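One structure is given here, and the rest of the page talks about it.
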2 protein chains.
Amino acid sequence: MSERPQPLRELLTGKGVRPTPRRLEVLEELAREGNDVTAQELWGRLRERDSGTGLATVYRTLSLLAEKGVVDVLSHHGGEQCYRLCGDGHHHHLVCTRCHRVVEVGECDLGGWLDDVASRHGFVATDHRVEIAGLCADCR
Amino acid sequence: MSERPQPLRELLTGKGVRPTPRRLEVLEELAREGNDVTAQELWGRLRERDSGTGLATVYRTLSLLAEKGVVDVLSHHGGEQCYRLCGDGHHHHLVCTRCHRVVEVGECDLGGWLDDVASRHGFVATDHRVEIAGLCADCR
DNA sequence: CTTCCTGCAAAGCATTTGCATCCAT
DNA sequence: ATGGATGCAAATGCTTTGCAGGAAG
């Protein structure tokens, strides 16, 4: 009677992470909320669902998932880290400043520009992060 | 017998911030280290110079300066915030992954690209942050 | 005299860690 | 049995706040 074929489990097994019930709960919660969540928020929601998951486990799981590249970690929230389930490849984020919706942006043809800017300062660019703030379709 | 004409003081007065000795010490320390520093690091350096400045004052001053736009706040350091004295206008950062040197990048002709990407997702872009990681001239 | 600044210590929060227990293999 | 996973509580580390003393206008 599961509503979906549990692709979430594979997200774990695919990375060699044992799919324990608690980890799946965390993952489900992340999937439920497409946007980014703090560890504390996520824990709160689990409690509302009467999950006995401990806060430490939430942190441990999120760290593990981040390490394995299953979730993105965003630091745009002051002292608190935000986690977000996301696609595999290179991508950036579009964040709505009003409702905080986050959309993944796959397109990234900045390669040339980056190399250009970097070399102009004697650098070799190896990585980059772009975060675009704005208003989403519903909020503008 | 001052070595420089104290342009730092004006950085404060210009924003309506009273240039107290402690604030100037913090500002001088930020100017001394062109790169980004954590509040704790900065406090440590002040102590080495036998400044009696308290940690709380360092935090209060940095917050104030950030609020007034005199310093940039970078969150790329895990739980700790990094502060950096920086120019006024719109700019981005080039960070050396080996020595952590930070260079300001004034050029930013991404306007068109940003609008394009944003509108493709129904957004209107209002702001953006770009952080380029790489190796600087000395480290590569 | 009044307001703002500061140092110190205590408090607050997010996150991590130690440890005993539990579970699955 | 054996090693990993987990809950709980204590510990950590950064940052903020309360408060009393001080300096500046």
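None of the values given here were measured: they were computed from a predicted structure.
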L46(A) CG - dT6(D) P separation (whole Å): 12 Å
Distance, rounded to the nearest Å, where R23(A) contributes CZ and dA24(C) contributes C1': 13 Å
Minimum-distance nucleotide (side-chain atoms of Q81(A) versus dT6(D), dT6(C), dT15(C)): dT15(C)
N/O donor-acceptor pair under 3.5 Å between S51(A) side chain and R47(A) backbone: no
Rounded distance in Å - CD (E41(A)) to C1' (dA14(C)): 13 Å
Between C1' of dT15(D) and CD of E67(B), the distance in whole Å: 16 Å
Separation of atom CG in L55(B) from atom C1' in dC14(D), rounded to whole Å: 9 Å
Shortest side-chain distance from S63(A), nucleotide among dG7(C), dC5(C), dT16(C): dT16(C)
d(CZ, R22(A); C1', dA24(C)) in whole Å: 15 Å
Sugar-phosphate only, base, or nothing, as touched by Q40(A) at under 4.0 Å among non-hydrogen atoms: base
Verdict with supporting geometry, H128(A) and H90(A), ring-ring contact (aromatic ring centres under 6.0 Å, His included): CA-CA 10 Å; H128(A) 64 282; H90(A) 175 72; 4.7 Å; yes
Atom-pair distance (CH2 on W43(A); P on dC13(C)), nearest Å: 14 Å
Heavy-atom donor-acceptor pair, T53(A) side chain to R22(A) backbone, under 3.5 Å: no
Crowding at CZ, R120(A) (>12 non-hydrogen neighbours, <6.0 Å): yes
Nearest listed nucleotide, side chain of R18(B), among dT17(C), dC4(C), dT6(C): dC4(C)
Sugar-phosphate only, base, or nothing, as touched by T53(B) at under 4.0 Å among non-hydrogen atoms: sugar-phosphate
Distance below 4.0 Å between Y59(B) side-chain N/O and dT15(D) OP1 or OP2: yes
Nearest-angstrom distance from the residue atom CG of D50(B) to P of dG7(C): 14 Å
Nucleotide nearest R60(A) when distance is taken to its side chain, options dG18(C), dC5(C), dA14(C): dG18(C)
Donor-acceptor pair between Y59(B) and Q40(B) side chains, under 3.5 angstrom: yes
Closest-nucleotide 5' rank along DNA chain C - winner of E80(A) and T20(B): T20(B)
